[in-house]
There are 2 protein chains.
Amino acid sequence: MQFSTKAEYGLRAMVALARAYPAQKNITEISEAENISAKYLETLIGKLRKNNLVKSQKGKSGGYTLIKNPKQISAGEVIEIMEGPIVSKCDGSNCMKAKVCASSLVWNKLAFQIKKTLFAIKLSELI
Amino acid sequence: MQFSTKAEYGLRAMVALARAYPAQKNITEISEAENISAKYLETLIGKLRKNNLVKSQKGKSGGYTLIKNPKQISAGEVIEIMEGPIVSKCDGSNCMKAKVCASSLVWNKLAFQIKKTLFAIKLSELI
DNA sequence: GTGAATTCCTACCATATTACTATGCTTTCA
DNA sequence: TGAAAGCATAGTAATATGGTAGGAATTCAC
């Protein structure tokens with residue numbers, strides 16, 4: 001039940017950008033400040049850009065900026081983008097033979113609580 | 001952020017044993033009822049035995065029984081055994097260079113909520 | 001307008017994990 | 001005594017993880 005470094009790195013990069021907001025930061029600055037491989041971070045931050053959490057400026061003196069105010073971006077948004085949807089299990093196909101899918105109650109409760117927790121945390125609180 | 005089938009299968013097996021409690025069930029019975037590969041389940045249930053959640057009776061007419069009452073066993077116990085500890089991130093070694101480890105707040109809050117949720121659900125509620 | 005600094009794109013790669021399967025031994029009861 | 005159960009260990013195909021490599025495209029400072 002570990003989260004991958006993708007979620008962690010993505011979140012840390014977003015917080016770094018939140019600190020600079022509304023100014024921009026480039027990959028080198030973020031990767032050095034956060035001690036994350038620059039090349040890897042480059043591919044990760046691409047996901048955040050494609051999902052409209054950050055915008056980029058190309059070319060010399062380019063970099064990245066948050067698209068929204070840090071108050072409007074939640075940890076849940078970031079983590080879902082980096083890791084995919086939260087706890088989607090037991091759609092029925094796995095446990096059709098069991099009369100009642102006993103474990104679905106667990107996954108549903110859990111997914112609800114995780115989402116509630118993560119979407120309540122805004123980047124502005126993490127600066 | 002998916003849970004593996006190990007957690008799911010382990011939980012379903014435990015619920016199946018809870019239904020039978022205090023009688024025993026064998027691998028074939030559980031695997032057929034839950035539609036889980038018998039051989040795979042055998043290795044999974046071994047973990048539950050080594051962690052003292054179930055006891056086994058060997059030999060002909062053998063099988064497995066819960067060691068405690070279903071009211072005394074939580075989903076959290078089962079899932080931690082099957083998947084390892086819940087959300088242990090950010091021990092400091094990853095993010096020492098950042099002045100404050102911004103993401104640790106997220107993982108700590110999250111781990112707390114996940115544990116609270118999972119340890120509050122008892123097998124007796126899932127029957 | 002040239003060059004350096006930056007992002008963007010795609011492919012590759014080593015390792016670990018997952019979800020099994022296979023084989024065979026050991027134990028126990030009918 | 002033999003069949004039915006659990007126990008132990010190893011193998012394996014597919015996928016995910018956590019990167020690296022190389023270079024193309026863009027943009028700004030000069």
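Sequence lines set the chain letters: A, B, ... in the order given, protein chains first and strands last, and positions in each chain run from 1. These numbers were taken from a predicted model, which means no experiment stands behind them.
Contacts of B:Q72 classified as side-chain hydrogen bond (donor to acceptor under 3.5 Å, both in side chains), with partners at least two apart in sequence or in another chain: none.
Rounded to an integer number of Å, the gap from B:I27 CD1 to C:dC20 P is 14 Å. The NZ atom of A:K47 sits 16 Å away from the P atom of C:dC8 (whole-angstrom rounding). In this structure, CD of A:E29 is placed 14 Å from C1' of C:dT7, rounded to the nearest angstrom. The CG atom of A:L41 sits 12 Å away from the C1' atom of C:dT7 (whole-angstrom rounding). D:dT27 atom P lies 13 Å from atom CD of A:Q24, rounded to whole Å. Rounded to a whole Å, the CG atom of B:L44 is 16 Å from the P atom of C:dT17. Between B:E42 atom CD and D:dA8 atom C1' the separation is 10 Å, expressed in whole Å. C:dC8 atom P lies 12 Å from atom CG of A:L48, rounded to whole Å.
Side-chain atoms of B:E83 come within 3.5 Å of backbone atoms of B:S4 as a donor-acceptor pair (strictly under, hydrogens ignored). No donor-acceptor pair closer than 3.5 Å links the side chain of A:N51 to the backbone N or O of A:L53.
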Could you go through nucleotides 14-21 of chain D and list every protein N or O atom that sits under 3.5 Å from one of its N or O atoms, giving the distance for each pair?
unit_1: D:dT17; atom_1: OP2; unit_2: A:K6; atom_2: NZ; d: 3.0
unit_1: D:dG18; atom_1: OP2; unit_2: A:T5; atom_2: N; d: 3.2
unit_1: D:dG18; atom_1: OP2; unit_2: A:T5; atom_2: OG1; d: 3.0
unit_1: D:dG18; atom_1: O5'; unit_2: A:T5; atom_2: OG1; d: 3.4
unit_1: D:dG19; atom_1: OP2; unit_2: A:Y9; atom_2: OH; d: 3.0
unit_1: D:dT20; atom_1: OP2; unit_2: A:S37; atom_2: OG; d: 2.7

When you compare the protein's N or O atoms with those of nucleotides 26-30 of chain C, which come within less than 3.5 Å of each other, and at what distance?
unit_1: C:dT28; atom_1: O2; unit_2: B:K60; atom_2: N; d: 3.2

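Between B:E34 and B:R19 there is a salt bridge, with a side-chain nitrogen of the basic residue lying less than 4.0 Å from a carboxylate oxygen of the acidic one.
At the heavy-atom level, A:I45 lies nowhere under 4.0 Å from the strands shown. At a threshold of 4.0 angstrom between heavy atoms, the contacts of A:G63 are confined to the sugar-phosphate backbone, with no base atom among them.
Side-chain atoms of A:I67 and A:V54, non-hydrogen and from C-beta on, never get closer than 4.5 Å to each other. Between A:V78 and A:L48, the closest side-chain pair of non-hydrogen atoms falls below 4.5 Å.
Pairs engaging residues 62-76 of chain B under the salt bridge (Lys or Arg N to Asp or Glu O under 4.0 Å) rule: B:K68-B:E77 [sequence neighbours left out]. Residue pairs meeting the salt bridge (Lys or Arg N to Asp or Glu O under 4.0 Å) criterion with at least one partner in residues 37-66 of chain A, sequence neighbours excluded, are A:K39-A:E42.
Comparing atom distances between the B:N26 side chain and each of C:dT7, D:dA8, D:dG6 picks out D:dG6 as nearest.
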What side-chain donor-acceptor pairs closer than 3.5 Å can you find for residues 113-120 of chain A, not counting sequence neighbours?
unit_1: A:T117; atom_1: OG1; unit_2: A:Q113; atom_2: O; d: 2.7

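In this model, the phosphate group of D:dG6 is not approached by any side-chain N or O of B:R49 to a distance below 4.0 Å at OP1 or OP2.
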